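Working notes for the structure below.
For the single chain, residues carry numbers from 1 onward in sequence order. Computed from a predicted structure; not experimentally measured.
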Amino acid sequence: MVAERAGYTVTMFLVDVSRSMGNTRTVELPDGPNGEQRTKEMTNLQWSLQFAKLKIQEMIYNGRKTDQCGVVLFGSDETDNVVNEHSGGFEGIVEYIPIGTPNASTLAQLDTLEASTVTGDAIDGVIVASTIQDQYLDRKKTWTRKLVLITDGESPLELEDWQMTATNLNEKNVQFTIIGVDFDSDDEDYIYNEENKSDMKRVNEGFYNEFVSTLEDGVVGTCAYAIQEISKPDIKMTKSVMMRSMLSLGDYEAREEEAFAILIRTSKCTAISRPSSWSKYAIKPKEEGDEDVTVYSPLKMTSEYYFDKTEKDADGDVPMKQEEDADEEDSMKGMQQVDKETLVRGYKYGTTYVPCPDGEFAKLPTKSGLEICGFFLKKNFRRELSMGEIQYVWGDPDQPNNQVALSSIVRAMQEKKVYAIARWVTKDDRAPKMGVLAPSSFEEVDCLLWAPMPFADDVRKYTFPSLDHLVNKKGEEVKVHPYLPTEEQLDAMDNFVDALDLMEAGDKDEEGVRGPWFDTRLSYNPALHRIKQAMFHSAVVNDLESNPLPPPHPEVIKYFDPPKKMLKRARDAIEGCKDAFKVREVPKKVAKTKKDGHAHARDDDDDLILLDKYGPAKTQSQIKVTESPSRKGKEKAKPVTTSGDDSATEDEEEEELLLDKVGPAKKDMGVPLPTPARSMSPEIDRGVESGRIIGMAYPLQDFQKNLAAKDLVTKAVADMGHVITQIVLAPFASRRTDELVRCMQAMRETCLTEDEIEAWNEFLVQLKEKCAGTPGNMEFLGELGKIGRAISLISESEAEKNGGESDYSESKAKKVCH
């Protein structure tokens, strides 16, 4: 992709407002909160204007004054354009929005457009828009010119001398785009053919394709695909401004014979992109006489400064007693508000503050330039430390000798396989940056790549104990221990890691070889692009309730889930790891009642302990224990308090100590006993084996429940096949024949839609073999034969309809259950 200069562009939007653009259409909207389908009626003009508004919102979002646009209407009831004023003719064309930097009012003006009662000529509109653009850019020859025509193609065209118009656009290097409402599309990503197309539209659509084919830079697209693609995340290649600097090695001022200096230019290679900042709004208080309308106003942050006059000890700390007694209301006691002008900026140094009346300390005197400090081997470069933006370092384009000198340094570094450590000062007296210079060669030019690196103080090093070397307290090395992996475990983990290789999990190329699945160039930041999509949608839609935010573009979320082929390939490796490491699901602990009556109750966090037999049953905000006899005599028990939300718990030893002090309660104490908690019903045994997620008792319910978690589909299918086989071969299996058939139907449907076709076919073949063997179950096999094709193997034709593959033809699939 050739980089273009950001901004310095004038885009003319030529909008068709003819009578036919007022025809209504039904547009599908995102599903509602409960999954209900929603639609909206709008005119062709309103629908197609979304493309123009999204394009204009992109200009507003970028915030460049040199990114400008204008809007011209054709097919209008009025006439207002410079060509008509000068030469006459060109009726029904209006210069609706003059060329300028777009803003929110530009979008508001587009929202007021309505279809007229007449028709308009698009070719006349192109001539007028091109003329307006040409007059505006009369002295701006280097600016980029773009012209976008939005039409439904239902209005008659005057085709006389259209070749002259195309020639004029080519001479001015205009990038011409036609967005057609319901135009036919043969693009491989969006194929569309309009039914019942009028003869007028069919002829005009053919002309538009012929017209664009004569242009050097022109394209025709259908509006639906254009709106879809404009929300697609895009990384634009732009030209960076080249900054002057000097590359030096050694002290070229004091020892000129031992040093050199080269005039260079630097430019950005990469630039970080951040989401737009957010503003906080609050409901504006209503005043007398205001309308009954909710108005939001932005919140602004203000700072107030206070001086703490509270008495402190010798170490400068507030006494502990005061801290314990303090609450939120009196936290400002002892504080005196001061003006900002009376304060002096200070910097913390240890436990003290160093005042700096001038706001900053004296800067290190530096001189701009890029100074090479030394060289090191390329293999010693720590790639993980390079986290900043990359810069190009070029030889000065106006100095051939400097270009040759830089090229010689680049090739010498490539030959020696070394990188350079460099110190860069962008401007005089600015803070220096340390980084690495790496040689890079393009087809016709050599350059250096600058990568900023952290200082040694900014890098933290963490050490961890060895995973394969264990020493006991005597200093002897331990060879066998539960913490040390065995050879079987190492092999299982190696197989698991190899199975997760993404380098051959992508699509096949022309030679049938699979490429890598993940491409960093096609991976987009969801936070950045989703926020941008939300902002754009809110800018072009008047009512978010009737037209809510659509789901993210597929390109944004395509790397959210791992490829199904890789998961299927890793299935055996995962099971091998589970067996080698004895991975088992840890069951939840069941609350048990101790002999002393200290009951454990479970809540959402499963970790709160309640002393429900001592004190009222309704609340745990405060428990007070009175005198009670103990084994050694009467002792006074201390009051025990807990927080109102029952979030505080005692250690087990402390709880037992408290309960020992309480002792048994007497009947004559007058303390009401708490209402006993309702006993929990025993859990139903669903017959789930260790390591399985489908039980023998309710296999269909377990299967449907686990399908809700998308990452458990493969596991659910495998366990469902295992459970069905176990039940079929068990005694009295005929009692559950109907249930087993329903399980197999659900399993087959899931395998067909979730790309688990191979798993279903393998399961069915094995089930038939086991039913025909010993002990077998020929009766159940006969029931499957009665159902026939609906529960047989998945054939090639079925698999292709659902985007999968199968090794069985249609004829073989019919024979399996017969």
Side-chain angles (χ1 to χ4, degrees), residues 3 5 238-272 358 360-461:
R5 185 171 57 168
T238 58
K239 292 182 180 179
S240 173
V241 178
M242 301 183 71
M243 308 299 293
R244 297 179 182 274
S245 188
M246 180 177 292
L247 177 67
S248 62
L249 177 62
D251 189 353
Y252 61 90
E253 292 182 350
R255 299 183 179 182
E256 186 176 354
E257 68 281 357
E258 297 179 2
F260 68 82
I262 302 174
L263 296 178
I264 58 172
R265 298 282 187 94
T266 60
S267 62
K268 286 186 177 182
C269 175
T270 60
I272 190 171
D358 297 333
E360 59 182 14
F361 296 104
K363 294 182 179 180
L364 177 70
T366 56
K367 189 176 181 180
S368 65
L370 187 59
E371 180 182 356
I372 297 177
C373 303
F375 298 90
F376 65 97
L377 293 177
K378 176 182 177 180
K379 63 181 182 181
N380 296 332
F381 176 64
R382 295 182 60 182
R383 177 66 181 82
E384 72 277 7
L385 298 183
S386 176
M387 303 286 287
E389 298 180 357
I390 308 300
Q391 298 267 354
Y392 286 119
V393 179
W394 314 93
D396 193 329
D398 301 328
Q399 303 286 338
N401 292 337
N402 290 323
Q403 295 181 31
V404 174
L406 183 67
S407 179
S408 64
I409 296 175
V410 170
R411 299 192 181 188
M413 292 174 65
Q414 290 175 337
E415 181 179 348
K416 296 295 184 181
K417 297 181 180 180
V418 297
Y419 284 171
I421 301 175
R423 176 178 180 268
W424 191 9
V425 179
T426 55
K427 270 189 176 183
D428 291 347
D429 296 329
R430 282 197 177 179
K433 299 177 182 179
M434 295 300 296
V436 170
L437 289 173
S440 179
S441 295
F442 293 95
E443 186 175 353
E444 297 181 354
V445 65
D446 297 328
C447 68
L448 294 170
L449 296 178
W450 156 270
M453 302 294 287
F455 289 93
D457 295 341
D458 299 326
V459 179
R460 295 185 179 182
K461 296 181 180 180

note = Taken to the nearest 0.5 Å, the spacing of Lys416 NZ from Lys378 NZ works out to 15.5 Å
inquiry  = Does any part of the side chain of Tyr392, heavy atoms only, come nearer than 4.5 Å to the side chain of Leu449, both counted from C-beta?
reply    = yes
inquiry  = Check whether Thr366 reaches the backbone of Asp429 with its side chain - one donor and one acceptor, N or O, closer than 3.5 Å.
reply    = yes
message = Show, in sequence, the C-alpha distance, side-chain angles and deciding distance for Leu437 and Leu247, and conclude whether the side chain to side chain contact (heavy atoms under 4.5 Å, CB included) test is met.
response = CA-CA 11 Å; Leu437 289 173; Leu247 177 67; 4.2 Å; yes
message = Tell me whether the count of non-hydrogen atoms from other residues, nucleotides or ligands lying under 6.0 Å of CD in Glu256 goes above 12.
response = no
ask   = Looking at SG of Cys373 and CZ of Arg423, how far apart are the two atoms once the value is rounded to the nearest 0.5 Å?
value = 7.5 Å
key: Pair Asp428 + Lys363: basic N to acidic O under 4.0 Å   = no
message = Using side-chain heavy atoms (C-beta onward) and a distance below 4.5 Å, is Gln399 in contact with Asn401?
response = no
inquiry  = For the CG atom of Leu249 and the CD atom of Glu371, what is their distance to the nearest 0.5 Å?
reply    = 8.0 Å
query = With a 4.5 Å heavy-atom cut-off, do Phe381 and Met453 have their side chains touching?
reply = yes
task = Can you establish whether the number of heavy atoms outside Met434 located under 6.0 Å from its atom CE is more than 12?
result = yes
request  = Quick one: do Arg244 and Leu263 satisfy side chain to side chain contact (heavy atoms under 4.5 Å, CB included)? Show the steps, please.
outcome  = CA-CA 8 Å; Arg244 297 179 182 274; Leu263 296 178; over 6 Å; no
inquiry  = Taking Asp396's backbone N and O only, do any of them form a donor-acceptor pair with Gln403's side chain (distance below 3.5 Å, no angle check)?
reply    = yes
query = Just wondering, do Thr266 and Trp394 contact through their side chains at under 4.5 Å, heavy atoms?
reply = no
query = Side chains of Phe375 and Tyr419: does their closest heavy-atom pair fall under 4.5 Å?
reply = no
query = Any idea which heavy atoms bring Pro439 and Val418 closest together, and the distance?
reply = CD-O, 3.9 Å
query = Which heavy-atom pair separates Ser368 from Thr426 by the least distance, and what is that distance?
reply = CB-O, 3.9 Å
ask   = Nearest heavy-atom pair of Ser441 and Asp446: which atoms, and what distance?
value = OG-OD1, 3.0 Å
query = Near Glu444 CD, under 6.0 Å, is it more than 12 heavy atoms from other residues, nucleotides or ligands?
reply = no
request  = Work out which heavy atom in Met246 is nearest to a heavy atom in Ala261; give both atom names and the distance.
outcome  = SD-CB, 3.6 Å
task = Of all the heavy-atom pairs spanning Cys447 and Val410, show the shortest one and how long it is.
result = O-CG2, 3.4 Å
task = Kindly determine whether Lys367 and Glu253 satisfy side chain to side chain contact (heavy atoms under 4.5 Å, CB included), including the steps that lead there.
result = CA-CA 12 Å; Lys367 189 176 181 180; Glu253 292 182 350; 2.8 Å; yes
request  = Kindly compute the distance separating CH2 (Trp424) from CZ (Arg430), expressed to the nearest 0.5 Å.
outcome  = 11.0 Å
query = Are any side-chain N or O atoms of Ser240 and backbone N or O atoms of Lys268, one a donor and one an acceptor, separated by less than 3.5 Å?
reply = yes
key: Closest contact, heavy atoms only, Ile262 versus Leu406   = CD1-N, 4.1 Å
Test side chain to side chain contact (heavy atoms under 4.5 Å, CB included) applied to Ile264 and Leu448, step by step = CA-CA 10 Å; Ile264 58 172; Leu448 294 170; over 6 Å; no
query = Less than 4.5 Å apart, any side-chain heavy atom of Trp450 and any of Leu370?
reply = yes
query = Any donor and acceptor pair, going by atom type alone, linking the side chain of Ser386 with main-chain N or O of Arg383 inside 3.5 Å?
reply = no
Side-chain donor-acceptor contact under 3.5 Å, Gln391 with Ser267 = no
